[in-house]
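Before I ask anything, here is the structure I am working with.
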2 protein chains.
Amino acid sequence: MKVTIEDIAKEANVSIATVSRVINNTKAVSPELRERVHEVIRKRNFRPNPLAKGLITNRTNIIGIVVPDISNPIFGALTKGINNICEQQGYTLMVCESGGQREKELELLEILADKKVDGLLFAGVDVNHSLVKEMKIKDYPIVLVTQEASEGDEEIKTVVHDNVKATYDAVSFLINNGHKKIAFIGGPENDYSSGQKRLKGFQLALKENNIEVPESYIEHGNFTFQSGFESMKKIYEENSVLPTAVMVCNDIMAIAAIRFLENANMSVPHDISIMGFDDSEYANYFSPELSTVRISYFDEGVKAAKTLFKLIDDQYSIIPNTQFISHKIIRRNSVRPIE
Amino acid sequence: MKVTIEDIAKEANVSIATVSRVINNTKAVSPELRERVHEVIRKRNFRPNPLAKGLITNRTNIIGIVVPDISNPIFGALTKGINNICEQQGYTLMVCESGGQREKELELLEILADKKVDGLLFAGVDVNHSLVKEMKIKDYPIVLVTQEASEGDEEIKTVVHDNVKATYDAVSFLINNGHKKIAFIGGPENDYSSGQKRLKGFQLALKENNIEVPESYIEHGNFTFQSGFESMKKIYEENSVLPTAVMVCNDIMAIAAIRFLENANMSVPHDISIMGFDDSEYANYFSPELSTVRISYFDEGVKAAKTLFKLIDDQYSIIPNTQFISHKIIRRNSVRPIE
DNA sequence: TTGTAGGCGTTATCAG
DNA sequence: CTGATAACGCCTACAA
């Protein structure tokens with residue numbers, strides 16, 4: 001039933017070495033033989049066993065990806081971008097979920113080593129030094145995507161969007177539209193890129209415009225509707241002077257904030273403007289349509305994958321330590337100019 | 001650098017056969033030796049090379065999944081459910097995207113055969129007879145998920161939600177709430193399960209209640225916002241008597257329909273009720289909150305994966321040809337009782 | 001240009 | 001219970 005290289009060799013009346021050569025185009029073979037071999041290969045529908053091949057070449061043509069949650073559309077888009085490049089490179093993608101847990105991430109690093117992946121795209125939550133250390137000793141190349149290392153290691157190639165700059169731009173947008181009393185609903189404090197960096201961007205924009213804001217204007221959610229709702233509620237209830245705008249660090253929390261405000265008989269954007277983050281598919285479909293900052297996770301995946309393949313091709317190729325994917329401020333109807 | 005079974009054998013002063021035995025628990029080994037071997041394995045951090053192993057056992061502990069689009073949250077949830085089971089079985093997941101194209105699906109069937117996956121979960125768009133035939137000759141087990149075969153083959157195990165029944169129930173829900181003039185916005189006509197079957201469920205419910213509906217009440221979208229908007233527009237513009245309710249075959253098109261109606265100064269649910277399908281994450285966050293039918297794609301993935309593993313364990317195990325995942329009608333605010 | 005043969009790291013089949 | 005040793009299917013010096 002299953003046909004091996006030997007069968008082909010016999011049937012084509014050549015050595016298996018020759019067959020191997022025509023398959024891999026690895027050395028000159030006379031046109032005549034080449035044709036004969038091809039003929040038989042086609043006829044018998046022969047496909048070389050990648051296990052046997054991998055055993056020798058130490059290559060599997062598989063690359064791994066670890067994401068916190070594959071059902072999150074953000075990581076869906078990221079994965080799609082990655083897969084796009086993989087396909088055209090003849091690679092295939094192994095997907096693993098970490099749940100955002102360091103323990104699990106470490107375990108996956110092992111498992112993927114076992115599987116002999118040729119490389120790994122890693123989307124973490126807090127890639128600290130010990131995790132980086134673990135990555136360095138793995139014998140397959142790794143590129144961080146979506147989240148840079150949190151402890152200043154420049155040791156692993158990274159492809160991210162600029163969270164600081166993106167949030168800075170978004171808040172500047174609010175300021176440029178006349179807002180001075182700006183609240184903030186961010187991500188978890190232990191989330192390095194999407195939590196801490198976005199907060200930093202917020203603070204930076206305020207500072208640069210000499211705007212001060214009370215502590216009670218700042219809340220941390222965890223990117224869920226529920227947490228966005230609660231955060232907005234807290235800001236609403238615990239401030240005698242309400243903000244005129246809120247920078248919310250993802251779209252779903254932004255929607256939640258809007259829902260809360262509606263319940264409280266506040267109108268968005270008339271009374272309060274809301275700025276989202278991500279420009280997820282649905283941002284456009286809510287009413288009011290959400291002003292937000294567009295991040296293309298697909299593009300991020302594409303660039304990360306390309307970078308990884310460069311690394312696979314040549315471990316020492318010259319690549320910037322960190323590459324940024326551009327973002328864009330999208331004006332829709334949840335933010336209005338004031339004054 | 002890389003340690004093999006032979007190194008372990010040497011260092012533990014046993015034969016490689018013995019090492020293999022303790023690793024795989026395949027035959028009795030004296031406790032003494034077993035301990036010694038374990039010790040060395042731990043010390044040297046030895047992990048057997050799965051390629052070499054696979055070469056002999058013909059097992060890779062990899063299963064494949066093909067979906068039309070991994071960035072679609074529906075398939076994200078499905079994948080998550082599948083991955084859940086894979087993990088606890090010590091398997092790892094290879095994800096492929098077909099774009100819903102038969103050509104590509106066929107190609108992936110080949111590629112995954114090459115990769116020597118131990119099994120495959122297949123989410124197609126129109127799994128016709130020729131595709132099924134191709135699947136039958138593959139030497140790894142396959143289970144269909146999300147979409148059954150379209151040409152009455154009962155040859156491949158299948159796990160789906162009951163599209164006919166689900167839509168039937170949803171439309172019955174509308175009828176029970178007093179609606180008689182019910183329009184329908186469905187999926188593509190070439191989409192077997194999600195297109196044709198849902199239409200069938202719609203027609204069935206009408207028929208059973210002796211309700212007739214003009215041709216112009218029925219539109220086909222392609223599950224995008226845009227197509228939902230257009231379909232609703234067409235129904236609105238081309239009927240002198242408007243429906244009191246519309247059954248829309250996914251949530252995003254349902255939202256689009258609502259947006260169109262709002263633009264047309266119609267109120268949902270006051271003037272027209274809208275019923276969605278899927279209960280996607282956001283269905284709850286729109287206003288009005290969407291009445292819909294809940295499908296758990298996660299559960300579907302779980303059951304499909306379990307089924308596949310049964311098949312992998314025992315090719316001839318007794319499994320129903322088609323297993324159904326239950327659905328549930330969710331009442332929210334986009335549908336109101338009339339009369 | 002072509003063929004022979006050794007080896008990749010395991011498991012499985014024999015003897016002992 | 002333990003140990004040689006032949007596969008598994010392919011690539012790649014090395015020789016011819």
Side-chain angles (χ1 to χ4, degrees), chain A residues 1-41 44-62 90 110-111 113-118 139-140, chain B residues 1-41 44-62 90 113-118 139-140:
Chain A
M1 193 75 257
K2 80 173 36 162
V3 29
T4 76
I5 197 175
E6 205 181 336
D7 302 330
I8 303 300
K10 252 178 221 155
E11 193 161 335
N13 246 315
V14 296
S15 71
I16 61 174
T18 299
V19 177
S20 174
R21 282 172 198 132
V22 347
I23 290 175
N24 300 297
N25 255 314
T26 178
K27 260 189 174 178
V29 173
S30 72
E32 186 196 2
L33 286 196
R34 169 181 306 281
E35 187 39 51
R36 210 160 75 208
V37 170
H38 268 140
E39 185 57 34
V40 179
I41 287 181
R44 305 289 309 273
N45 192 20
F46 168 66
R47 334 260 327 203
N49 183 327
L51 298 178
K53 181 170 182 171
L55 199 50
I56 293 198
T57 58
N58 245 324
R59 299 290 237 79
T60 53
N61 275 42
I62 296 175
E110 279 311 313
I111 291 182
D114 275 10
K115 293 294 180 184
K116 302 288 176 194
V117 295
D118 290 343
D139 55 356
Y140 50 88
Chain B
M1 193 75 258
K2 79 172 36 163
V3 28
T4 76
I5 198 174
E6 205 180 337
D7 302 329
I8 303 300
K10 253 178 218 153
E11 192 161 337
N13 245 314
V14 296
S15 72
I16 61 173
T18 299
V19 176
S20 176
R21 283 174 197 130
V22 348
I23 290 173
N24 298 299
N25 255 315
T26 179
K27 261 191 175 179
V29 173
S30 73
E32 189 193 1
L33 286 195
R34 169 181 305 281
E35 187 41 49
R36 211 160 76 208
V37 170
H38 266 140
E39 185 58 32
V40 179
I41 287 180
R44 304 291 308 273
N45 192 21
F46 168 66
R47 333 257 332 200
N49 184 326
L51 297 178
K53 181 171 182 170
L55 197 50
I56 291 204
T57 59
N58 242 326
R59 300 289 238 82
T60 52
N61 276 43
I62 296 175
D114 275 8
K115 293 294 179 184
K116 303 290 177 192
V117 296
D118 289 343
D139 56 355
Y140 49 89

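To find a chain, count down the sequence lines: A is the first, B the second, and so on, and within it residues start at 1.
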query = Roughly how far apart are B:Leu33 CG and B:Glu39 CD, rounded to 0.5 Å?
reply = 13.5 Å
request  = Not counting sequence neighbours, which residues clear side-chain hydrogen bond (donor to acceptor under 3.5 Å, both in side chains) with A:Thr57? List them please.
outcome  = none
Interface limits on DNA chain C, where chain B has a heavy atom under 4.0 Å of a nucleotide atom =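 Range of nucleotides within reach of chain B: C:dG9 to C:dC14.
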ask   = Who passes side-chain hydrogen bond (donor to acceptor under 3.5 Å, both in side chains) against A:Glu110, sequence neighbours left out?
value =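 Expected list: A:Lys138, B:Arg47.
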inquiry  = Could you work out, with side chain to side chain contact (heavy atoms under 4.5 Å, CB included) as the rule, every residue matching B:Ser20, not counting sequence neighbours?
reply    =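 Checked B:Ser20 against side chain to side chain contact (heavy atoms under 4.5 Å, CB included); matches are B:Ile5, B:Asn24.
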request  = Quantify the bending of the helix from C:dT1-D:dA16 to C:dG16-D:dC1 as the angle between its end axes, each fitted on five pairs, to 10°.
outcome  = 40°
request  = Answer yes or no: is there a side-chain heavy-atom contact under 4.5 Å between B:Asn49 and A:Lys116?
outcome  =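 Answer yes - side chains close enough.
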note = The complete set of salt bridge (charged side-chain N to carboxylate O under 4.0 Å, His left out) pairs with one or both residues in residues 11-24 of chain A, sequence neighbours excluded, reads A:Glu11-A:Lys43, A:Glu11-A:Arg44
query = Residues in side-chain hydrogen bond (donor to acceptor under 3.5 Å, both in side chains) with A:Arg59, at least two apart?
reply = A:Tyr91, A:Asp118
request  = Encode nucleotides 11-16 of chain D as B, S and - characters from 5' to 3', where the letter depends on protein heavy atoms closer than 4.0 Å: B to the base, S only to sugar-phosphate, - to neither.
outcome  = BBBB--
request  = Just jot down the side chain to side chain contact (heavy atoms under 4.5 Å, CB included) partners of B:Pro48, sequence neighbours excluded, or say none.
outcome  =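 B:Pro48 satisfies side chain to side chain contact (heavy atoms under 4.5 Å, CB included) with B:Ile23, B:Phe46 only.
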task = Grab the CG-C1' distance between B:Asn25 and D:dC1 for me, whole Å please.
result = 15 Å
inquiry  = D:dG3, OP1 or OP2 - any side-chain N/O from B:Ser15 closer than 4.0 Å?
reply    =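 Answer is yes, contact under 4.0 Å.
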task = Kindly write out the residues that satisfy salt bridge (Lys or Arg N to Asp or Glu O under 4.0 Å) with B:Glu35, not counting sequence neighbours, or none if the list is empty.
result = none
ask   = Can you name the residues that form a side-chain hydrogen bond (donor to acceptor under 3.5 Å, both in side chains) with B:Asp7, not counting sequence neighbours?
value = none
